[in-house]
Amino acid sequence: QVQLVESGGGLVQAGGSLRLSCAASGSIFSINAMAWYRQAPGKQRELVAAITKGGITNYAASVKGRSTISRDNAKNTVYLQMDSLKPEDTAVYSCNADCSLEYRRSWYRNYWGQGTQVTVSS
């Protein structure tokens with residue numbers, strides 16, 4: 001069983017910054033890629049940023065240059081630092097991870113967190 005818990009969301013003015021965190025817990029053996037997605041009302045969920053176990057990153061064009069994804073493998077935690085926030089960044093941000101369990105070490109499954117609200121006011 002794996003649980004992903006996001007934190008760090010909130011209300012911020014345009015131009016401000018937020019740092020989101022997502023901690024994975026449970027009987028985890030290994031985590032491959034971790035990512036942040038977001039979904040605004042009436043919009044499809046979209047990938048914001050992703051990071052491999054080795055630290056290779058990828059960003060959506062809309063956040064590239066303003067966001068930094070990082071991870072602490074020892075803590076099973078992924079972060080998303082967002083700077084120069086814009087109203088269009090307003091969305092529920094969800095953590096995603098591919099994890100294998102202690103009793104199924106070679107079988108990776110995809111897990112989602114419950115999401116954290118980010119609201120950017122103008």
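Please read these numbers as outputs of a predicted model, since none were measured by experiment.
When every heavy atom of Q114 is checked against every heavy atom of V5, the shortest pair comes out as OE1-CA, 3.8 Å. When all heavy atoms are compared, the tightest approach of Q39 to K43 is NE2-O, 3.0 Å. A91 and A40 make their closest contact through CB-N, 3.8 Å (heavy atoms, listed as atom of the first residue, atom of the second, distance). For the pair Y59 and S67, the tightest heavy-atom approach, listed with the atom from each and the gap, is CE2-O, 3.4 Å. Closest approach of I51 and S70 over heavy atoms only: CD1-CA, 3.9 Å.
Although no hydrogens or angles enter the test, the distance criterion places a donor-acceptor pair under 3.5 Å between the side chain of E6 and the main chain of C95. For the pair N96 (side chain) and Y111 (backbone), a donor-acceptor distance under 3.5 Å is present. At distances below 3.5 Å, not a single donor-acceptor pair connects side-chain atoms of T119 with backbone N or O atoms of T90.
Considering CG of L85 and OG of S122, their distance stands at 13.0 Å, rounded to 0.5 Å.
Residues L4 and I28 share a hydrophobic cluster, clusters being chains of Ile/Leu/Val/Met/Phe/Trp/Tyr side chains in contact below 4.5 Å. No path of Ile, Leu, Val, Met, Phe, Trp and Tyr side chains, each step under 4.5 Å between heavy atoms, connects I69 with Y37, placing them in separate hydrophobic clusters. V92 and M34 are assigned to two separate hydrophobic clusters, defined by single-linkage of ILVMFWY side chains at heavy-atom distances under 4.5 Å.
The closest side-chain donor-acceptor pair between S30 and Y108 falls under 3.5 angstrom.
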- Task: Give the intermediate values and the outcome of side-chain contact (heavy atoms from CB on, under 4.5 Å) for residues W112 and R45.
- Result: CA-CA 13 Å; W112 289 93; R45 183 164 58 191; 3.4 Å; yes
- Query: Under the side-chain contact (heavy atoms from CB on, under 4.5 Å) criterion, do N73 and I31 qualify, and how do the steps go?
  - Reply: CA-CA 8 Å; N73 291 335; I31 303 177; over 6 Å; no
- Query: What do the steps show when you test L80 against R38 for side-chain contact (heavy atoms from CB on, under 4.5 Å), and what is the final call?
  - Reply: CA-CA 12 Å; L80 182 66; R38 68 184 181 187; over 6 Å; no
- Going through the checks in order, is the side-chain contact (heavy atoms from CB on, under 4.5 Å) test met by Y79 and D72? CA-CA 8 Å; Y79 307 93; D72 186 336; 4.2 Å; yes
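For the salt bridge (charged side-chain N to carboxylate O under 4.0 Å, His left out) condition, the pairs that include at least one residue of residues 54-67, sequence neighbours left out, are R66-D89.
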Name the atoms and distances for all side-chain donor-acceptor pairs under 3.5 Å in residues 11-24, with sequence neighbours left out.
unit_1, atom_1, unit_2, atom_2, d
S17, OG, D83, OD1, 2.8

